Amino acid sequence: MKVNGQEFITVKEMAKKLGVETNTIKQRLYQQGIKPVSKDALYDVSALEAIKDTVIGRPKKEEAPAKAKGKPPKKGKK
């Protein structure tokens with residue numbers, strides 16, 4: 001959508017282009033701190049590129065090192 005010669009995009013259009021739900025787009029925008037340009041929820045086209053590769057959720061666990069360096073584990077009381 002063009003307004004005054006500038007290109008803007010809505011949440012629905014972003015969802016359609018990325019193939020995800022609108023709620024997912026809203027969460028990604030919130031996570032990145034991107035706010036709409038107007039009350040009509042129009043976003044700059046650069047917002048689409050900013051949220052394109054964003055992943056929401058807990059990060060995957062990293063593999064634990066084979067041996068932990070430092071203090072030996074504490075022994076329980078008997």
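Sequential numbering from 1 along the given sequence is applied to the chain's residues. Not measured: the values here are computed from a predicted model.
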Quiz item: NZ of K17 to NZ of K52: how many Å apart, nearest 0.5 Å?
Solution: 9.5 Å
Self-check item: Which atom of P36 lies closest to which atom of A41, heavy atoms considered
Solution: CB-CA, 3.9 Å
Quiz prompt | Test log, rule side chain to side chain contact (heavy atoms under 4.5 Å, CB included), inputs T10 and Y43 | solution = CA-CA 6 Å; T10 64; Y43 293 87; over 6 Å; no
Quiz item: At what distance, to the nearest 0.5 angstrom, does CD of E13 lie from CG of L18?
Solution: 12.0 Å
Self-check item: Rounded distance [0.5 Å steps], CZ in R28 versus CG in N23
Solution: 12.0 Å
Self-check item: Single-linkage hydrophobic cluster M14~V45, side-chain heavy atoms < 4.5 angstrom
Solution: no
Quiz prompt | Point-to-point distance, once rounded to the nearest 0.5 Å, from CD1 of I34 to CG of L29 | solution = 5.5 Å
Quiz item: Roughly how far, to the nearest 0.5 Å, is OH of Y30 from CD1 of I51?
Solution: 15.5 Å
Quiz item: Is L42 reachable from I9 through a run of hydrophobic residues whose side-chain heavy atoms are each under 4.5 Å from the next?
Solution: no
Quiz item: Roughly how far, to the nearest 0.5 Å, is NZ of K12 from CD of E21?
Solution: 13.5 Å
